[in-house]
Amino acid sequence: MKHTLGQIFRSPKFLVGFVIFMAILLLVIIYPLFVTDNPLGIIGQGTFFEPGIYVNVYDSLRSPQYILNLDNAAINRIASRLGDQERQDMKEWLIEYGVPEDEIDIDDTESLMELWVNNYDSTIVVPGMTAAKRKYYVRLDASLEGILATEGFHISVRNEETGDLDEVGYVNQKDYVNVNQVANVRILPLGTDNFGRDMLTELVAAIGVSLKIGLVAGLIATMIGLSLGLLAGYIGGWLDDIIMFITNLFTVIPSFVLLILISYSIGQEQRGAITIAAVIGLTSWVWTTRAVRAQVISLRNRDHVNLSKLSGHSVLHIIVADILPYIASYVFMALILQISSGILAEAGLSILGLGPKTTEVPTLGLMMNWAMIYSAHIMGKWWAYFPVIVAIALVSFSLNLMNTGLDQVFNPALRD
Amino acid sequence: MIKNKKIYLSAKGLTKVFGFGRTRTLAVDHVDLDLYEGEVISIVGESGSGKTTLAKLLLGLINPTEGEIYFEGKERDLSTNKKRVAYWKNIQAIFQDPFSSYNIFNKIDAVLLDCIRMRGDGRLPYSEKVEMMEKACSFVNLKFDEMTNKYPFELSGGQMQRLMIARIFLLNPKILLADEITSMIDACSRATILDMLLQLRDDIGMSVIFITHDIGLAYFVSDKVYIMDQGMFVESGTADEVILNPKEPYTQRLISDVPKIYEEWDLSTV
Amino acid sequence: MSNYMLEVKELTTKYITRFKENVYAVDHVSLAVEEGKSLGIAGESGCGKSTLALSLMGYYFPPLHYTSGEIIINGKNISGMDPDSVRKLILGKEIAYIPQSAMNALNPTQKIIRFIEDVVHAHHPDASKEYILELATERFETLGLPPNVLEKYPVELSGGMKQRTVIATSVILGPKVLIADEPSSALDVTSQKKVIKMLRDMMDKGIIKSMIFITHELPLLYNVTDDIMVMYAGQIVEQASAKNAVFDPLHPYAYGLMGAIIVPEEGLRDVSLRAIPGVPPNLKDPPSGCRFAERCKFVQPECLVNSVLMRELGNNRAYRCIFTEEELREFYQNDKK
Amino acid sequence: MLQAKRGMAVFSNCQSIGGAALKGYLKYFGGKLIWFLITLIFAFLLNFILPRLMPGDPVAIITQRVVQGMTSQTGIQKVYEEYATLFGTNRPMHEQFFLYVRNLFQGNLGTSFSQYPRPVADILKSSLGWTLALQLPAILVGWMIGNTLGALAAYVKKGFDKVLLPASIFLSNLPAFGMAVILLVIFGVQLKWFPTSGGYGFDMIPKFSWDFIKSVILHYQLPFWSIVTIAIGGQAIGMRSMSIYELNADYVKFARFLGIKDRKIIGYVFRNAMLPQITGLALSIGTMVGGALVAETIFSYPGLGSTILTAVMGQDYPMISAATLLITLMVLVTTFLIEILYGVIDPRIKAAQTD
């Protein structure tokens, strides 16, 4: 046994798959230890906040200020308000106005602003420009108005009795705050989803739940497959015919359609994560049954099994000691595949809205479903769906890689 | 001299049919057979003649479709597991491929310990069991301490086949069924295996049923020979009668097709 | 000196196993076969005879690798030739090979005649289909095979028929040398005899010029080949005419082997069979002295020291042992008592 | 291409079915046909029973929707009874089943709940066309590309295999909708090459004008390629291991020793490895349909996938059971056809069938 274990861990494919899977597993176990808030807890008001570090403005005003003289501070400030589109429009207006094109460099913020301030006049009517365009330019000019201003902001607090604003503090352009000293800072590596929930926490929890679903579905399917395969293969006769008839039926009826029908007929209320896992398990045992049966039939009249009979062992002992060890490696590989297909089946179901109930627990499929419903993919909110796809792909990819690695260890012909 | 010996096993009208409809095959077709104490018989047939199915029928591993098998004069009854084990105490087997006769996940000691348990000595102290195993191994000139807690893949084909004989030595059954036991073994270690079996026959009066396609081996080792083709016994009698002057055309052609070195091997009769 | 169809001098080839170990299954083997003659190679499983069969073809692919020595077919030295020209000029044309298990030697989804066409087109691209059909039909008829087999698929043929079809196919271009590796051991006795008769006919009718027949069944070799060589642990240990090899073996291993022959003939029941204890050495690191030393009944200390060379006795009889012919005959005399 | 030439050789050998073999054939396919019918009946049963197990009463839901304005209880009760008789839900279960089967054979699949007056049959008819047009070619193209890549990976050992195998493993277990979304974002949203949803332009009415067809082709691309990429992965792995097995077969060594060139031997191996893949295709059509349905819903392609989704959303029982029945039928028929085709192409199977 040690010998084969050594071989398994020397096969590169298995190792890569194993490492990825373990990394995901550890993430799912360790992350909740540090971040304990509820994965479905809504923290953001509004939809699809971008990934980033969210600093509380109110608290930052209260925290100690430091003066830093950074030379490109002003340019960064302007650049953050002047997108490519606005620069293009400004260039267009200046050309219309008569400024030679080669003088305008939209990347050099300072020179562009200077040209704009000296030349732009909202009253001039530029030929061929629609009224809407002119209003747009007026708004653009107004928004740039404050940028070049050099004075800071006065901070005032409304006084209860007098009702007027007493000045409390002054912030000028060089004042900086140390993020660590700000009372409330929240890092959202993956931003929030359309409900305003922290995507990363939700994703980790979802991976955990999906793994559980995959495991339960995989175990159920493999157990059914193993027992039916053993019964059909070892005992044979009419029992074998019945089991094979049922298996052939399930092979032809597409399991996914069956899934839709069953999970649909369970109805919305009872559809918890584990029931869905059970349903997936109950509809995907066909492959394992077929494979186990084929192997057991070939083992049934092997010499060592006959000798075991001649040594007075009971049928149960023969199955456990002489048949199971020979197919154990195959059953384990089948389990890995069942887990992977269980996770994919859950995701597929949830996309159709037939997945587990939404309020209790997030799953990878549900997160995909929400992202689809609120068309995050159309609005370019990649963080709402892309990490979920990557997570699903990584989990099933690592499982499949492990399976291919084991496959090569257990039948040498496939060794490349 | 065979006559006054006890009759161990006899089969009357033994038949076995596999499958039904399109896949219906008649493997064994109304076979009659008698086996006396200490007698060595051979069942000779090409592959597909049904000789292995007949072996499994005699061993009780599969049930006949028709006909009966009598053990020591009484009709064999294998209805319960207890009865089957009792029957298997008296009839044992060695199979063709030593490598597939062992469970690769168990050490080879398990094979011998199973026999000791089956003999009813399961509760003996381990030291006594080791003694028994040492005796059995020495009978097949193997050293037990070289063999113990090794896995099957650590042994050679010849060693494994001899361990199978050690197993028989421990069980000392009344009948041994040897199914093509020398076809996977090199010629030069074939003689040792055959000597051991004949030794067991002389020591404990064990009768042996050789299943083989090798007519030379059948002639060399057995008292009576049964020629089998398509599930039926074509001819049977003592080795000299059947092999040196066969009466049935099938046997005659079979014997003439075997290459000879002392007489001329006539190739024209293809 | 009539010309040799096949001459092999000091041929050595090795297997490179998955763990990068070298196994010298064929170690400095030399042999020669004259036109119209056939040579039998006998040996137990694991002695390297199948590897020798593959090595004689002059075409190597992993895990088998060429190491040293010369192969001369019909006067042409092919050991230096590049693989592609060996395939184009030699394989199937000058030298042909019959595999052991014919069960899956033929492409299962192709008719026999289509396969024969491919074989002929590999060497004569412009041969017409009619000509090939005619050649195949005529060849099948002369070898006693029903020509309608050509239109069948391998799966429709019986074991014996499939093996004979494989043989007829591989000699379709009338090769000089035929290498047959256990061509009949997987068959029943009757089919075996038909295969042996076919091989003998091919030699008598000159369809093939020479043959090397490899098997562990000595009675077969005695009846088919003119000379017999006995192989042990990658080396040739005995070389003699069929009669001498069987009835007057010199090398102790050959002596033991011939004593273990079982044939259903009168008088054999009262002869006690000879046995050789022990197992052949591991070819990964063969012992230095005589490779048969640890199993030999007549072993002396000097056997274990240096490697033993073949002792020639004239009219191509030789054996690989340090004892003289007389000493060995004396050992065997008192061994028989 | 190699494939075409191989195809010709294949069909030239099926005229040679002798008399006796024909009898064996018919007996073999007779058995297969009976099994096919039994499965069909079982599929009917399943599709009939499962929706009926649903908690809650479908007819009540429709009456609610229809009686919006009405106040008098008796009025509502009358409407309920009327629907109950129309849908036969007040009859005992077995009677409903016979009614269901009788309607089925008359092609009357009942009326859809969610899109009320429209009969289920013609909703299905329109969406079936789209699904067939999308899924069959996509699955076939994916199967072809997958097998060729798999074969190449097996023959061209070094670089190609190291790259292709992990890639095809990764591809094959990317979730179907995952690939669909990625393609949609890259080609639809970012590069704006293809429209991202619908079967054709919203403003168009289906007619045989050139720009309608152009719009259909444009809308066809994204769903098509997302199904193809999924199919490629699975098939490539299967073909690769099949080819490796065949490459180690004895006939390769024997053919080499007869001097046959590698190119021709690889032709043998490719064909022998390809044939079992045909059964692979038959078996995987069932699973592929599942994945493809999901891809359809992502692109809201007017095929069966979207129909099922809307039916599920609208708790539309006749629609769901009819659609799922249709898919099961599609899979059953294709599996049966491929099995017959397989016997014709592969002599090894033909021999097994006729002996």
Side-chain angles (χ1 to χ4, degrees), chain B residues 44-49 141 155-159 182-196 198 212-223 225 229 238-240 242-246 250-251 253-270, chain C residues 42-47 144 158-160 184-201 215-224 232 242-243 246-247 253 256-280 295:
Chain B
V44 178
E46 297 297 333
S47 56
S49 59
N141 45 51
L155 275 67
S156 79
Q159 285 171 319
T182 56
S183 63
M184 299 277 281
I185 306 288
D186 286 333
C188 47
S189 48
R190 193 167 27 188
T192 37
I193 302 270
L194 296 178
D195 292 345
M196 286 175 202
L198 297 177
T212 181
H213 68 281
D214 181 345
I215 297 159
L217 176 71
Y219 177 63
F220 173 74
V221 85
S222 46
D223 312 327
V225 171
D229 179 38
T238 67
D240 289 321
V242 170
I243 291 179
L244 293 189
N245 34 53
Y250 176 81
T251 329
R253 199 163 55 73
L254 202 62
I255 306 287
S256 83
D257 287 348
V258 175
K260 314 224 171 13
I261 50 176
Y262 298 102
E263 304 142 23
E264 180 52 31
W265 184 35
D266 174 7
L267 273 174
S268 60
T269 62
V270 157
Chain C
E44 299 293 78
S45 56
C47 70
S158 73
S184 62
S185 56
L187 302 176
D188 57 275
V189 171
T190 319
S191 315
Q192 177 176 46
K193 189 170 182 183
K194 286 186 184 134
V195 163
I196 299 300
K197 179 164 189 331
M198 178 190 246
L199 292 174
R200 283 283 286 270
D201 288 353
T215 180
H216 63 283
E217 289 174 52
L218 284 154
L220 260 185
L221 281 188
Y222 179 73
N223 285 289
V224 173
Y232 183 76
K243 206 161 174 359
V246 172
F247 292 106
Y253 175 67
L257 209 57
M258 300 311 163
I261 296 178
I262 301 181
V263 274
E265 290 177 81
E266 195 151 4
L268 174 118
R269 284 168 66 86
D270 32 43
V271 153
S272 69
L273 271 181
R274 265 199 291 275
I276 311 172
V279 279
R295 300 175 72 187

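Note that these values count all heavy atoms, side chains included, but never hydrogens, waters or copies made by symmetry. Bear in mind that the values here come from a model prediction, so they are computed numbers and not experimental data. The sequence lines fix the lettering, A, B, ..., with proteins before strands; numbering per chain opens at 1.
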Once you round to the nearest 0.5 Å, how far does [atom1] of [X] lie from [atom2] of [Y]?
| X | Y | atom1 | atom2 | value |
| --- | --- | --- | --- | --- |
| B:T192 | C:L273 | OG1 | CG | 10.0 Å |
| C:I261 | B:K260 | CD1 | NZ | 14.0 Å |
| C:E266 | B:I243 | CD | CD1 | 12.0 Å |

### Task
Please lay out, stage by stage, how B:W265 and C:L220 fare under the test side chain to side chain contact (heavy atoms under 4.5 Å, CB included).
CA-CA 10 Å; B:W265 184 35; C:L220 260 185; 4.0 Å; yes
Which atoms form the tightest heavy-atom contact between [X] and [Y], and what is the distance?
| X | Y | result |
| --- | --- | --- |
| C:A260 | B:A187 | CB-O, 3.8 Å |
| C:I262 | B:F220 | CG2-CB, 4.1 Å |
| B:L244 | C:E265 | CD2-C, 4.3 Å |

Check: Among C:V224, C:N223, C:D188, who wins on heavy-atom pairs under 4.5 Å with chain B?
Finding: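 The option with the most such pairs is C:N223.
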If you tally heavy-atom pairs under 4.5 Å against chain B, which of C:P219, C:G159, C:G256 wins?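 With the most close heavy-atom pairs to chain B, the winner is C:P219.
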Only one of B:I215, B:D214, B:I261 clears side chain to side chain contact (heavy atoms under 4.5 Å, CB included) with C:V263; which?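 Single pass found, and it is B:I261.
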Region of [X] that comes under 4.5 Å of a non-hydrogen atom in chain C:
| X | value |
| --- | --- |
| B:S222 | backbone |
| B:E263 | both |
| B:D240 | side chain |
| B:S156 | side chain |

task: Verify the ring-centre separation between C:Y222 and B:Y262: is it less than 6.0 angstrom?
output: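 No, the ring of B:Y262 stays outside the 6.0 Å limit from the ring of C:Y222, centre to centre.
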>> Run the side chain to side chain contact (heavy atoms under 4.5 Å, CB included) test on B:C188 and C:R274 for me, step by step, so that the C-alpha distance in whole Å, both residues' side-chain angles and the decisive distance to 0.1 Å come before the verdict.
In response: CA-CA 7 Å; B:C188 47; C:R274 265 199 291 275; over 6 Å; no
Applying side chain to side chain contact (heavy atoms under 4.5 Å, CB included) to C:S45 and B:M184, what does each step give before you reach the verdict? CA-CA 10 Å; C:S45 56; B:M184 299 277 281; over 6 Å; no
Name the region of C:V189, side chain, backbone, both or neither, that has any atom closer than 4.5 Å to a heavy atom of chain B.
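Contact with chain B is through both the backbone and side chain of C:V189.
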Donor-acceptor pair, distance only, cut-off 3.5 Å: does the side chain of C:K193 make one with the backbone of B:D266?
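The answer is yes, because a donor-acceptor pair under 3.5 Å joins these two groups.
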**Prompt:** So, do B:D186 and C:H216 sit near enough that their side-chain heavy atoms are less than 4.5 Å apart?
**Reply:**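 The answer is no; the side chains never approach within 4.5 Å.
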